[in-house]
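I have placed the structure first, in the form of C-alpha cells, so that the comments after it can refer back to it.
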Amino acid sequence: MKPGSLSLSIAALIGLLFAPGILLAEDPSPAPTPSLEERVSDLEQRIQSIEHIPVVAFALKLRGSTEQNAATTPATTPQSDSPLELVGWDYRFKEGQQSYENRHVFNYVLKNVSEKPIKLIHGTLLFTDLLGEKIVAIKLNPDVAYPSGQTVSTGGEWDVSPLNPSERRMATMNHNDIKATLLIQGVAFDDNTTWTAGKQH
C-alpha cells in the first residue's frame, strides 16, 4: 500500500470514530431528569421498603405506642371539686436482674372528701419536677373502697419504661423536689351514682 493511501485510510478511520453516530454510541446523552412527582414516588417506595424490615417496624411500633401514651397524659389542671384528695405518697426503685424487670414501687394515701362511700376510681398520679417536667405517671388502683371522710393507703408496682429514660430520675431525685398531682377522671359511689371530671355535679 502506498504511503499516501495509508494516510487516507487512517484519516477515514479517525473520521468514522468521530462521526455523530459513533459519538452517540460511545457517549450517550444523559437520561432525562425525573420529575418531582417521580422522585417523591420513588422516595415513598424506598421508605415503605425500610418500614417493612422487621426490626424497623418493631421500633416504629414501640415509638408510636410511647408517643400515644405521652399524648394521653391528663393535664395538670387543679380539681377543686374532686371527691378524692392526695394526702401523701412514698416511693422506692426496685431494680431487676434485667433492665426490663425494673419496677416503680409506690404507696399513696387518698382521702374521700365526699359524703358518699366510693367503690371505684379511674385516675392518675402525675409526678413532675419543680419546673413542671414530667417524670412518670401511674394509673391508680381502680378497685379500692374509700369510706366517706376517711383516708386509705394503697400501692403496688409499676413497670419502668425502657423507652423513657426520664423515669429513672425517680430513683435519684430528692422527694422534696418532686411534685405529685392527683388527677381523677371519674369515680363510682356505693349507690351507683358517678362523678366525672369536667362535668357539672
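The basis for the numbers below is simple: all heavy atoms, side chains too, and nothing from hydrogens, waters or symmetry mates.
- Of the candidates N141, D90, V87, V152, Y108 forms a side chain to side chain contact (heavy atoms under 4.5 Å, CB included) with just one, namely N141.
- Using a 4.5 Å cut-off on side-chain heavy atoms (C-beta onward), V160 and V136 make no contact.
- Two different hydrophobic clusters hold V113 and L120 under the rule that ILVMFWY side chains link at heavy-atom gaps under 4.5 Å.
- The minimum heavy-atom distance between M170 and Y91, with the atom names listed, is O-CE2, 3.2 Å.
- The two residues W89 and A180 have their closest heavy-atom pair at NE1-CB, 3.4 Å.
- A heavy-atom distance below 4.5 Å is found between the side chains of N192 and K119.
- In this structure, NZ in K139 is found 7.0 Å from OG1 in T124, a value given to the nearest 0.5 Å.
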task = Give the intermediate values and the outcome of side chain to side chain contact (heavy atoms under 4.5 Å, CB included) for residues N102 and R168.
result = CA-CA 10 Å; N102 294 340; R168 291 296 298 262; 3.6 Å; yes
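- Residues L110 and V144 fail the side-chain proximity criterion, which asks for heavy atoms closer than 4.5 Å.
- Separation of atoms NE2 (H104) and CD (E157) is listed at 11.5 Å; rounding is to 0.5 Å.
- With hydrogens and angles disregarded, no donor-acceptor distance shorter than 3.5 Å links the side chain of W158 to the backbone of A137.
- Using a 4.5 Å cut-off on side-chain heavy atoms (C-beta onward), T154 and Y146 make contact.
- S148 contributes a side-chain N or O that, together with a main-chain N or O of S114, makes up a donor-acceptor pair within less than 3.5 Å.
- To the nearest 0.5 Å, atom CG of residue L84 and atom CD1 of residue I118 are 4.0 Å apart.
- Here the OG1 atom belonging to T151 is positioned 10.0 Å from the CD atom belonging to E85, to the nearest 0.5 angstrom.
- Across all non-hydrogen atoms, the minimal contact from S82 to W195 is CA-CZ2, 3.7 Å.
- Within a 6.0 Å radius of NZ in K116, more than 12 heavy atoms belonging to other residues, nucleotides or ligands are found.
- Distance check, rounded to the nearest 0.5 Å: OG1 of T194 to NE2 of H122 gives 11.5 Å.
- The only member of K179, M173, K134 that meets side chain to side chain contact (heavy atoms under 4.5 Å, CB included) when paired with D129 is M173.
- Here I121 contributes atom CD1 and L140 contributes atom CG; the two are 4.5 Å apart, rounded to the nearest 0.5 Å.
- Electrostatic pairing of R103 and D159 counts as a salt bridge here, judged by a charged N lying under 4.0 Å from a carboxylate O.
- I138 has its side chain within reach of F127: a pair of non-hydrogen atoms, C-beta onward, lies under 4.5 Å apart.
- Between V109 and L86, the closest side-chain pair of non-hydrogen atoms is not below 4.5 Å.
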